[in-house]
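Just so we're on the same page: letters track the sequence lines, and every chain starts at 1.
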4 protein chains.
Amino acid sequence: MKVKKTRPLGRPRRSDRTQPTSELIIQAATRLFIEYGYQNVSVDDVAKQCDLTKATVYYHYDSKARLFTKTMVQMMVRIRERINTMLQESIPLKTRLFNITKAHLEATVNFDMDGFMKGVDNALTPEQLEEITNAETAMYQTIRHAFVYAMEQKEIRHINPTFATHAYLSLLKAGNYRNESDHPDTIDETAKQIIQLLWQGLQPEEEI
Amino acid sequence: MKVKKTRPLGRPRRSDRTQPTSELIIQAATRLFIEYGYQNVSVDDVAKQCDLTKATVYYHYDSKARLFTKTMVQMMVRIRERINTMLQESIPLKTRLFNITKAHLEATVNFDMDGFMKGVDNALTPEQLEEITNAETAMYQTIRHAFVYAMEQKEIRHINPTFATHAYLSLLKAGNYRNESDHPDTIDETAKQIIQLLWQGLQPEEEI
Amino acid sequence: MKVKKTRPLGRPRRSDRTQPTSELIIQAATRLFIEYGYQNVSVDDVAKQCDLTKATVYYHYDSKARLFTKTMVQMMVRIRERINTMLQESIPLKTRLFNITKAHLEATVNFDMDGFMKGVDNALTPEQLEEITNAETAMYQTIRHAFVYAMEQKEIRHINPTFATHAYLSLLKAGNYRNESDHPDTIDETAKQIIQLLWQGLQPEEEI
Amino acid sequence: MKVKKTRPLGRPRRSDRTQPTSELIIQAATRLFIEYGYQNVSVDDVAKQCDLTKATVYYHYDSKARLFTKTMVQMMVRIRERINTMLQESIPLKTRLFNITKAHLEATVNFDMDGFMKGVDNALTPEQLEEITNAETAMYQTIRHAFVYAMEQKEIRHINPTFATHAYLSLLKAGNYRNESDHPDTIDETAKQIIQLLWQGLQPEEEI
DNA sequence: CATGAATGAGGCTTCATTCAT
DNA sequence: CATGAATGAAGCCTCATTCAT
């Protein structure tokens, strides 16, 4: 049953990839930057991951800094979208946060922008730094907004919503340590622990 | 007619410094590594900070990796001691944690080992990595112990103490964002917010 | 007002060189390593000889050790080929050896692997060392084979052929000293002396 | 029978060494330089071998080059003396050479000055180089003299004595390869092979 | 005698970036 | 689009050497 596929003339699309090269690069870059950090990933590493050469990467992105910026922004936009979607559901905020928490723990991605950007700022132009910060902030705003609304609905107590946001995100990160524990918890259990702590902590203060 | 200036080699007259050079180096290194991260600090940077030459740094520490290790371990030992001292006081745990929180927010140090070690592990030998991890763990244990004890005293609800520890440390980090907020909180207020959230979250769960 | 001259980066117009750069490098490296030894030749030296930068050398060969390995192997392969060719001729072995000797004395190359590799082994990986040793051995085998055959043909007396090989090569080296002598011999005379001594020494032992 | 040895007052001689430090250094240096070569041995290596510090080595010898020179010269003087002694015996030259050969093969020392000095000359002052060359030449002269005498006695054929000397020394070096052979020869056998080849090669030429 | 501390020079290697093809 | 070749800058580390003690 060997059917000779009629091959399109001209330069064949690189392998069977449907993705444009620039996207391919971003993807590899995302993975690498997230895993190893800006300084520990060379442009060559990214190129090799894509089975391309350094020069090709430079053809698509004029500098490592810009590639990084694009990468980070795109990633945060995606995360923001995902979070946003999950926050739209018509279920109690506590449940929505629980779902987000679980989703986050399932993903390996650990978007700890804080430690992540350590020292990187020197390598970026102010504009690039701002781009990233903006994307980061937008991501935060989504969550912050949910807290503000919940506050208005008296679902949670009065609290600085920015703090609440960062508190939540911090706790997410704490979830990564579940494995070291003596009896490693499942993702589900960990998510429960996080939400339990957070939610209880956000309730109206009593006599405490 | 190039006259080679006789350069001053050898050991220079000891300046009026009281600190031994090795300590001086560690101090500068601590500051730099903490602020910029391992990869973004060159041995030359450290040397310059001390007004020494690279070679001198290498005289005292055989490699950048070892310098880093020494630096991190020493730092964590100090933090652990400080925390330990504050945990010994005979006042309610909530108050002790509040004090620690305030002290942490006052210090610029941001011991977020997680993001901090990103990619660094490749640069360290397994032994060095272990040294650091051990110091880190010891630091955590101190806090964990306090939680275990509080649990026994029914001061807080039953909870995985390791998780409680990481949750607390995570929240500490969330405190760093206070400045971005629209109306920047004082350290005192931030500490209160953190402890309020944490402590409430650690209380016996009710009907929530 | 420091004006940073725009420096010419990137690939320069290919000069009128016909040789590929990688060959050019090997050639310069061969000359330098042979003349000064591994430790006394820096990668920069090689680069300068080629009118290239160090980085370019590293573009073609990942490390000094590998460059050295390639260099040595290639050299020994060439020598082996040359020797092999001269050994194929249908003339008495004594004459063939005489020709080889003359050719060797004419070349400046002094393939004394023994002293040459002193201390170098620490700088090479076991694989690299093996590569070199293999090339060396192959070179020796060629000569050894000729002696084995000559022995079978009773052209020379029974003798350990490996020893005969090394003895011959050693004597070649002795030829380098001809210049110090009071009345420096010509290459031709020196070759004659060497072959005379060797050949006579390889004849059937009599009453001696 | 514990007798408390009356310990001499004052600074005790460093351990039980009788040797002056300067000799100790030379000894270690000899071993190291011979084994690894000039460039591969650092002053620190020498110091550590002696359980001293670099500074102490510099106290005794003002530079690495001078230390090397002293080391080499002393070594060659010793070798020359040893050879000289063995050449004085009242037995046939062939036997004396056989004895020397055996002695050389027994010692690990491989005084192949040729490959040994490769590239080192750049590190030495002309005077130092000359010192070494002189010692080397003196060593050669001793052997050369024996050949000259043997020639006069018609014990060997007429031949350039300098060549004969270098030929002999070269063959000595060939002896180091005995181990690689398929059936490794003993030192005695190897010495016999060498002398057999050499001696036969030095006999009056016949019709060959 | 001996040494601890310091240093300039230089060597190996990586990397972001550029340019001609 | 893609790439091979090249480069300056910078980073890690070693080492011969010096000097105050």
| query | Under the 3.5 Å rule, do the base of E:dT17 and the side chain of A:Lys54 count as making a donor-acceptor pair? | reply | yes

Taken to the nearest whole Å, CG/B:Asp44 to C1'/F:dT14 is 15 Å

Exercise for review: Check whether any side-chain N or O of D:Tyr59 sits under 4.0 Å from OP1 or OP2 of E:dC1, and answer yes or no.
Suggested key: no

Side-chain contact check for A:Ala55: nearest option of E:dC19, E:dT3, E:dT13 is E:dC19

Rounding to 0.5 Å, atoms CG (D:Asn40) and CD (D:Glu35) come to a distance of 10.5 Å

Phosphate contact (E:dC1 OP1 or OP2) by D:Thr56 side-chain N/O below 4.0 Å: no

Applying the 3.5 Å cut-off to both distances, the Watson-Crick or G-U partner of E:dC1 turns out to be none

Atom CG of B:Asn122 and atom P of F:dG11 are separated, to the nearest Å, by 19 Å

D:Tyr36 OH to F:dC15 C1', in whole Å, measures 18 Å

Between CG of C:Leu24 and C1' of F:dA5 the distance, given in whole Å, is 14 Å

C:Gln39 CD to E:dG10 P, in whole Å, measures 17 Å

Value for NZ (C:Lys48) from OG (C:Ser42), rounded to nearest 0.5 Å, stands at 6.5 Å

C:Lys64 NZ to E:dG10 C1', in whole Å, measures 12 Å

Under a 3.5 Å limit on both distances, the Watson-Crick or wobble mate of E:dT17 is F:dA6

Separation of F:dC12 atom P from B:Asn40 atom CG, nearest Å, is 11 Å

When rounded to whole Å, the OH to C1' distance for the pair D:Tyr58 and E:dA5 reads 15 Å

A:Thr21 side-chain N/O to F:dC1 phosphate OP1/OP2 under 4.0 Å: no

Considering only heavy side-chain atoms of D:His60, the closest of E:dC1, E:dC12, F:dG4 is E:dC1

| request: Determine the interplanar angle of the B:Phe68 and B:Tyr38 rings, folded into 0 to 90°, and report it as parallel if under 30°, tilted if 30 to 60°, perpendicular if over 60°. | output: perpendicular

dist C:Phe33:CZ -> C:Ile26:CD1 (nearest 0.5 Å) comes out at 9.5 Å

When every non-hydrogen atom of D:Gln39 is compared with those of D:Gly119, the smallest separation belongs to NE2-O, 4.2 Å

Between B:Val43 and D:Val41, whichever has its closest DNA chain F nucleotide further toward 5' is B:Val43

